[in-house]
Protein chains: 2
Amino acid sequence: MKRYPDAIRILVAIDCIIMGFDGTAIKLLLIKRNFEPEKGNWSLMGGFLHQNEDLEAGAERILFDLTGLNNIFVEHITTAGKIDRDPVERTISVVFFALININNQDQEALNAHNAQWLSLEEKPELIFDHDEMVTKAIEYLRYKAALHPLGFELLPEKFTIPQLQKLYEAIYDMKLDRRNFSRKILSTGLLVDTGEKYEQSATKKATLYQLNQDRYKDKFFAFWHFMPHPGID
Amino acid sequence: MKRYPDAIRILVAIDCIIMGFDGTAIKLLLIKRNFEPEKGNWSLMGGFLHQNEDLEAGAERILFDLTGLNNIFVEHITTAGKIDRDPVERTISVVFFALININNQDQEALNAHNAQWLSLEEKPELIFDHDEMVTKAIEYLRYKAALHPLGFELLPEKFTIPQLQKLYEAIYDMKLDRRNFSRKILSTGLLVDTGEKYEQSATKKATLYQLNQDRYKDKFFAFWHFMPHPGID
DNA sequence: TTTAATTGTGTCAATATTACACGATTTTTA
DNA sequence: TAAAAATCGTGTAATATTGACACAATTAAA
């Protein structure tokens, strides 16, 4: 007794682009599939939506499955629905974007899924339309990180300004001026000096900061320009 | 012979938030449903995804159905998937955002669908989760219009700077300084003086401009600040 | 103890932004 | 017929932000 008898019903997948930062490069958490179809090929982590599950919840389930992490930064970024995107059966994929601290996740879970962190340069070709999704995610990261203090999700709780700068340089694949970057970041009032120094430094030890959480939440959606914008033309 | 036998298959709807500008206020094109369920109640224009149809194509079909227009500015903004969002049967809705020139559409098609332009203040309560979708669309418009020359989609081909300013004032519900707005817009090089004047003006006739199409396409995705940002803090 | 690498802070000139004033044009009104 | 009212176009000065750049301080290694 279906109420919408003429409409089609199709599979709903959830795919997650999971990004991390290793201090030098932005990395993607990808899996080498140990199941059909496309067994042995690289793919985003994903799965099908469950019966009694919201989309967000599905994304969180999939992320927890792979990383053992909860409370991850996750946002829905796009939905892929090309007719033949899955060769087996028509499937729509709801795509989520996740940022995590690369050091936190559960290595055993990663192994069980054949997962590996690969930098954007190392990225192999992915199955289906997953490459397009990654492209969108990178665009999204660049777009959003220029305006919102997003990058902190990729760093440890305590971090130095030079680390943060290297992160932005990795995101935008460009060099930034140390002095101007520092001034801009500090002027946001988002950072709190912990009084500690980064001990692993080879030379002068940089100050460790942490986020002013209240201010971070308050100001996340305010417009900001974290990136220089020379000669807009 | 299904390859993914355990996964669920559900309905995929497409819903469109259609915005226009009447010279004073941002308006939504809404329909009073003449079909069940929720017959007689206000709703976004939508429909179900067809068998051999991509998502974008579905959105364009639905928009054409209602307005008689092609080549509309359309973007996918979000996907709604709460378990009970449709009381009849589980349905995921892929939401699109469309901007059109309010004077262009086909009045007969509007009548056939019971459609009406309503300002945001007049907006009645909508069915299902359509109110949430509208909220997201307004946020999206404000976000995007601050950075990209988006507003032109809502104006006639030839328009005056004061008209454009009123549009921005409607989007952000705030007053802007005439002089500064004019300077900023003109400095983008996006406008071309047509040499004509807006004849319907009650007093001094304003210059009619049109978009520099090449520059518009080139620069659409560049970052710009179209809105003032006094004392970011 | 010198060297090399890196961090923290400061300055200055160029640019962009904001706030604000005035003259010009056109219709309405006295 | 002229003054008034409304709106449009442009200009300017004070302020804030940005980009480019210099120098001193810290630390491990040479």
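By convention in this document, chain letters (A, B, ...) are assigned in the order of the sequence lines, proteins followed by strands, and residues within each chain are numbered from 1.
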Self-check item: Contact residues, residues 162-181 of chain A to DNA chain D [heavy atom, < 4.0 Å]
Solution: Asp177(A), Arg179(A), Asn180(A)
Practice problem: Measure up the Tyr172(A) and Tyr168(A) rings against each other and bin them: parallel (under 30°), tilted (30 to 60°), perpendicular (over 60°). | Solution: parallel
Exercise. Tell me which of Thr160(A) and Arg183(A) sits closer to the 5' end of DNA chain C, going by the nucleotide each one is nearest to.
Key: Thr160(A)
Quiz item: For the pair made of OH in Tyr198(B) and P in dT27(C), what is the distance, rounded to whole Å?
Solution: 14 Å
Quiz item: Does Pro149(B) reach the side chain of Lys219(B), with side-chain heavy atoms less than 4.5 Å apart?
Solution: no
Exercise. Using a cut-off of strictly less than 4.0 Å, decide whether Ser201(B) has a side-chain nitrogen or oxygen near OP1 or OP2 of dT27(C).
Key: no
Practice problem: Using atom CG of Leu186(A) as one end and atom C1' of dT9(C) as the other, report the distance to the nearest whole Å. | Solution: 11 Å
Quiz item: Roughly how many Å is it from CD1 in Ile185(A) to P in dT9(C), rounded to a whole number?
Solution: 15 Å
Quiz item: When the ring planes of Phe97(A) and Phe73(A) are compared, do they come out parallel, tilted or perpendicular, using 30° and 60° as the limits?
Solution: perpendicular
Practice problem: Return the value, rounded to whole Å, for the distance between atom NZ of Lys184(A) and atom C1' of dA16(C). | Solution: 12 Å
Quiz item: Just how far is it from atom CG of Asp22(B) to atom NZ of Lys27(B), taken to the nearest 0.5 Å?
Solution: 4.5 Å
Quiz item: Is a donor-acceptor pair below 3.5 Å formed from side chain Lys204(B) to base dT7(D), judging by atom type as modelled?
Solution: no
Quiz item: Without hydrogens or angle criteria, can the side chains of Thr78(B) and His76(A) be said to hold a donor-acceptor pair below 3.5 Å?
Solution: no
Self-check item: Between dA28(D) (P) and Lys197(A) (NZ): distance, integer Å
Solution: 13 Å
Practice problem: Ignoring hydrogens and angles, state whether a donor on the side chain of Trp117(B) or Glu122(B) is under 3.5 Å from an acceptor on the partner side chain. | Solution: no
Self-check item: Euclidean distance, atom CD of residue Glu199(A) to atom C1' of dA28(D) [Å, nearest integer]
Solution: 13 Å
Quiz item: Which class fits the ring pair Phe152(B) and Phe159(B): parallel under 30°, tilted 30 to 60°, perpendicular over 60°?
Solution: tilted
Self-check item: Separation of dT9(C) C1' from Ile161(A) CD1 (nearest whole Å)
Solution: 11 Å
Quiz item: Has Ser182(A) got a side-chain N or O lying under 4.0 Å from the OP1 or OP2 atom of dT7(C)?
Solution: no
Exercise. Ignoring backbone atoms, establish whether Lys205(B) has a side-chain N or O less than 4.0 Å from OP1 or OP2 of dG9(D).
Key: no
